[in-house]
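Below is one structure; the comments refer to it alone.
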Amino acid sequence: MSGWIYRKSFAFAVATTVVVLAGSIATMAYPMLRADMHPRLEALKPPTPLQLAGRDVYQREGCVGCHTQTVRPLPSEVARYGDYSKAGEFYYEHPFLWGSKRTGPDLAREGGKRPDGWHRRHLENPQSFFARSNMPSYAWLAGRPLDPAEVTDHLNALALVHPELRTELAAVRVALAGKDEMDAVVAYLQTLGAAVPRQSPRAADLSIPNPVANDPTAIARGKQLFADNCAVCHGDEAGGQEGVAPSLVDDVFLGQRPDLPDAAYFAMISGGSDAKPIEGRKGQPDGGMAAFGSQLPQKDIWSIIAWIRAEKAHEAAEGAKAPAADHR
Amino acid sequence: MNDYRYDNRTIQGFILSAMAWGVVGILIGLLISVQLWAPAANFAPYLTYGRLRPAHTNGLALGLGGGAIFGLCLYIVMRLSGRPLLFPRLARAQLWLFNVTIAAAVLSLLAGYTQSNEYAELEWPLDLAVVVLWVMFAANVFGTIARRREPQMYVALWYVIGTVIAVAILWIVNNLSIPAGLTKSYHLFSGVNSANVEWWYGHNIVGFFFTTPILAMFYYFLPKSTGLPIFSHRLSILSFWSLVFGYLWTGAHHLVYSPLPDWLQTLGIVFTLFLIAPSWGSVVNGYYTVGADWSKMRSNYLTKFFVIGITFYGLQTVQGPTQALRVVSQLVHFTDWVPGHVHMGTMGWVTMVVTGSIYYVIPRIHGTTIYSERIADVHFWLVLVGQLLFSVTMWITGIQQGAMWKATNADGTLKYTFVETLAKNYPYWHTRTLAGLVFAVGMLFFVYNVLMTIRKGRALEGSPGSSPAAAPVA
Ligand code: HEM
Ligand code: HEM
């Protein structure tokens, strides 16, 4: 640059503005005109009033300071969270909530992973599930009412750019009746990732025997693995927890008798609630059993099943000793 | 025409406000650092981590950073223009509005009013207040420069002008939103586009709040305090234009491996690599300037603040482009490595240069010398040790966590659950709080030293202007 411009303040300011605008136009303004910046997945649904209220709470509480909502296309990340994030999932996101720091796990695939009851108890007291968690307690969200007038304003604002949201305005009062902020956040969490089909487990052969059945070392290992991975939902002794997860030591499997063989357990543990079609049973309508197939080696899953069977035999023996207590 | 007085009261007002907000922001930083290892330290609803984190970043960026920029840049503008501010009353009003705005900003974030975009969390009424503040600032900057007595504009002025222009554009575009009430709004942009606008803003607000105005201070106060002229004018020219050109292309390096279209990610990464050049232009210029007489490091207590500051700027601007590479991003993105990077920049570069500049200004406007060079030395070392301990621990635990997230068994299953990877951070997070304490104590020594200098000096009036103040040292 020649010397005169450092003597002309106005010309200097103009030149600086032009230089600053160059990159801004190329990488910020111009892309807006392109279709690849506004994609929308077919399966994506606009938020309902309750879900929007939940997202507002999520924003207000700064959950985004600890949780990301974007799964990168890396094998380890897909194994941990689920399918990588697609641009078309975020059409209704004003703003995007991808975050920049993963103090807690990614939530982009949280929807349907866990039952509502689990979320409620987790939000109330995260340390009751994971003693070493540093997530704050949000127990105080329960009982805080939602204001239909406020949610209507919020929907109206978004409807300026998404007119299809107008159809929901009439239903706001009904949708929020009897709900509190806790219900709203949970409803919102259950929508995360809903537009992307979950990878359904491959059909399993339900007649494979358990290779480590009755093996004492496998049972001991299974006990430890169960305590680390499953007890938070199914309880320490696999007896189940009301509203969170069913008992694994009764004769009921996915809400129906009789119990099914070990291979059915295997399919359920590795595929989670998405494996239910393989089992041919309905179970809980909102699902909530997480898939462990990508987290636990096969042998570990079989070991857990071996322990569950041992535990069940143990319970049955106890029951046989004191039948009066059970069948009053 | 030599009979005029500089507006020292306003300058000192901004400096003291910046220091006060700095203390508030640092205390919040300490609290959130504790909350990360002691969740019981969350006090719902106002003092929970999720609400306090943006109060920490905004309090320090806008409060400490903004106050220092307003005060020190106006000081520089007056001296380099050889005249008082064109609108002195406007600057007074700006000082008051500034403090009201920052107070409202911190309180509103604790109340949960947020747009959720990093560094743009403030809701729209406060965004408008910041626009007004910026217009007031720009009026004095441009007005005073336009009426300057010195024909040539010195490098520091270029960076001030660049800051005023770029921040205005960034702030206005990214804060465009659809209001849904007084305390709530939705980003006008959605999804991928919202992410792209936000990180175009996010990277550059760091660039034009924590880099260009700090460079202005560096180019002005380093020669002023050492008496050494800047090494190369040509290098200054090259670095300035390539920096203000290059920065704006690089926002997408915050979105590596996200659903943002690949071509934008790649473009952002390529320009990010280019950014090493202009950054190191200033680093080299700084080093060679002091290189003319290294004894200044011993004879003048201020020199080390600028030399260490530019050193961390140099490290920061090598680390930054490295982080943008896909292979590196895979490992460190989303981990504590990034707060390590952030605090080397903010505690090592920004804090060092800002406190050094304040040490230069305060005694001069009070016609005295610094209260205690010993205390300034203690301040320097505590801040340096605190920052190094903070950054190094975060880098270690960041890489460790990134590696654990990626670790898989032979059959492709994951080795560690999330909570196992989380628990590994705790020893490092404890150490980070200790580092923060050391840093905070250092900053309290600084505040004490400045206040005692003010007490010791003569009462503040405008100091008389001398003959047109040319470039500090031509
Ligand atoms: C050439 C110069 C620089 C480059 C290329 C650069 C690059 C980067 C990159 C790639 C990230 C994202 C890391 C990730 O999330 O994976 C980042 C984050 C950050 N950098 Fe730098 N950096 C530079 C200089 C600086 C300086 C001088 C500062 C001054 C304080 C700074 C402050 C920050 C902050 C605050 C963030 C955090 C953003 C967030 O996620 O909230 N950087 N930088
Ligand atoms: C006592 C000193 C400080 C402590 C203890 C502290 C602590 C923290 C903590 C715990 C975080 C959150 C990190 C995370 O998300 O895991 C953070 C973020 C941040 N701090 Fe500080 N901080 C201190 C000083 C500063 C200073 C002086 C500045 C700026 C001038 C600053 C600017 C920031 C920024 C910009 C972020 C956001 C980083 C990101 O998004 O990646 N901090 N700080």
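Source: prediction; values computed, not measured. Just so it is clear: chains get the letters A, B, ... in the order the sequence lines come, proteins before strands, and each one is counted from 1.
When side chains are defined from C-beta on, Trp199(B) does not count as touching Trp98(A), because their heavy atoms never get closer than 4.5 Å. Using a 4.5 Å heavy-atom threshold, the side chains of Gln59(A) and Tyr113(B) count as separate. Counting heavy atoms from C-beta on, the side chains of Glu61(A) and Thr48(B) come closer than 4.5 Å. Contact of the Met153(B) side chain with the Ser9(A) side chain is registered, since non-hydrogen atoms from C-beta on lie closer than 4.5 Å. Side-chain contact check for Pro39(B) versus Pro136(A): every heavy-atom pair is 4.5 Å or farther apart. A heavy-atom distance below 4.5 Å is found between the side chains of Tyr6(A) and Ile237(B). Phe334(B) places a side-chain heavy atom less than 4.5 Å from the side chain of Arg72(A). With a 4.5 Å cut-off on side-chain heavy atoms, Val173(B) and Met28(A) count as touching.
With a 4.5 angstrom heavy-atom cutoff, Phe130(A) touches chain B only via side-chain atoms. Interface remark: Arg40(A) contributes no atoms to any contact with chain B (heavy atom separation under 4.5 Å). Contacts of Thr68(A) with chain B are made by side-chain atoms alone, with heavy-atom separations under 4.5 Å and no backbone atom involved. Contact annotation for Phe240(B): only side-chain heavy atoms (C-beta onward) come within less than 4.5 Å of a heavy atom of chain A. Contact of Pro54(B) with chain A is not made at all, since no heavy-atom distance falls under 4.5 Å. Looking at Glu150(A), neither its backbone nor its side chain comes within 4.5 Å of chain B, counting heavy atoms on both sides. Contacts of Asn425(B) with chain A are absent, with no heavy-atom separation under 4.5 Å from either backbone or side chain. Within the 4.5 angstrom heavy-atom criterion, atoms from both the backbone and the side chain of Arg51(B) approach chain A. Looking at Leu155(A), there are no atoms closer than 4.5 Å to chain B (heavy atoms on both sides), in backbone or side chain. Within the 4.5 angstrom heavy-atom criterion, no atom of Phe129(A) approaches chain B. Neither the backbone nor the side chain of Asn156(A) has a heavy atom closer than 4.5 Å to any heavy atom of chain B. Interface residue Lys86(A): only backbone heavy atoms are found under 4.5 Å from chain B.
Under 3.5 Å, the side chains of Glu93(A) and Ser190(B) contain no donor-acceptor pair of N or O atoms. Between the side chains of Trp200(B) and Thr27(A), not a single donor N or O lies within less than 3.5 Å of an accepting N or O.
Here the CZ atom belonging to Phe96(A) is positioned 11.0 Å from the CG atom belonging to Asn193(B), to the nearest 0.5 angstrom. With rounding to the nearest 0.5 Å, the separation of CD1 in Ile169(B) from OG in Ser24(A) is 6.0 Å. Taking CZ from Arg7(A) and CZ from Arg148(B), the interatomic distance works out to 10.0 Å, rounded to the nearest 0.5 Å. With values rounded to the nearest 0.5 angstrom, Phe418(B) atom CZ is found 9.5 Å from Ser133(A) atom OG. Atom NZ of Lys101(A) sits about 7.5 Å away from atom OG1 of Thr335(B), to the nearest 0.5 Å.
Every pair passing ring pair (Phe, Tyr, Trp, His ring centres under 6.0 Å) that includes a residue from residues 175-195 of chain B is listed here, sequence neighbours excluded: His154(A)-Tyr186(B), His187(B)-Phe189(B).
Between chain B and the options Gly23(A), Ala87(A), Pro39(A), Pro73(A), heavy-atom pairs under 4.5 Å are most frequent for Gly23(A). Each of Val161(A), Leu158(A), Leu160(A) has some count of heavy-atom pairs under 4.5 Å with chain B, and the biggest count is that of Leu158(A). The residue among Val197(B), Asn196(B), Leu157(B) with the most heavy atom pairs within less than 4.5 Å of chain A is Asn196(B). Ranked by heavy-atom pairs under 4.5 Å with chain B, the first of Ala29(A), Pro105(A), Ala139(A), Ala13(A) is Pro105(A). Taking Met32(A), Glu89(A), His38(A) one by one and counting their heavy-atom pairs under 4.5 Å with chain B, the maximum is reached by Met32(A). The candidate with the highest count of non-hydrogen atom pairs below 4.5 Å against chain B, out of Asp106(A), Leu74(A), Val64(A), is Leu74(A). Heavy-atom pairs under 4.5 Å with chain B were tallied for Gly62(A), Ala79(A), Ser76(A), Gly88(A); the largest tally goes to Ser76(A).
Salt-bridge formation is not detected for the pair Asp153(A)/Lys184(B): no Lys NZ or Arg NE/NH1/NH2 atom is positioned less than 4.0 Å from an Asp or Glu carboxylate oxygen.
Although no hydrogens or angles enter the test, the distance criterion places no donor-acceptor pair under 3.5 Å between the side chain of Ser194(B) and the main chain of His94(A).
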Passes side chain to side chain contact (heavy atoms under 4.5 Å, CB included), His333(B) versus Arg102(A)? Steps please.
-> CA-CA 9 Å; His333(B) 190 44; Arg102(A) 225 171 240 173; over 6 Å; no
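Taking the six-membered ring where the residue is Trp, Trp158(B) and Phe12(A) present tilted rings, their angle falling between 30° and 60°.
Around OH of Tyr46(B), the count of heavy atoms belonging to other residues, nucleotides or ligands within 6.0 Å does not exceed 12.
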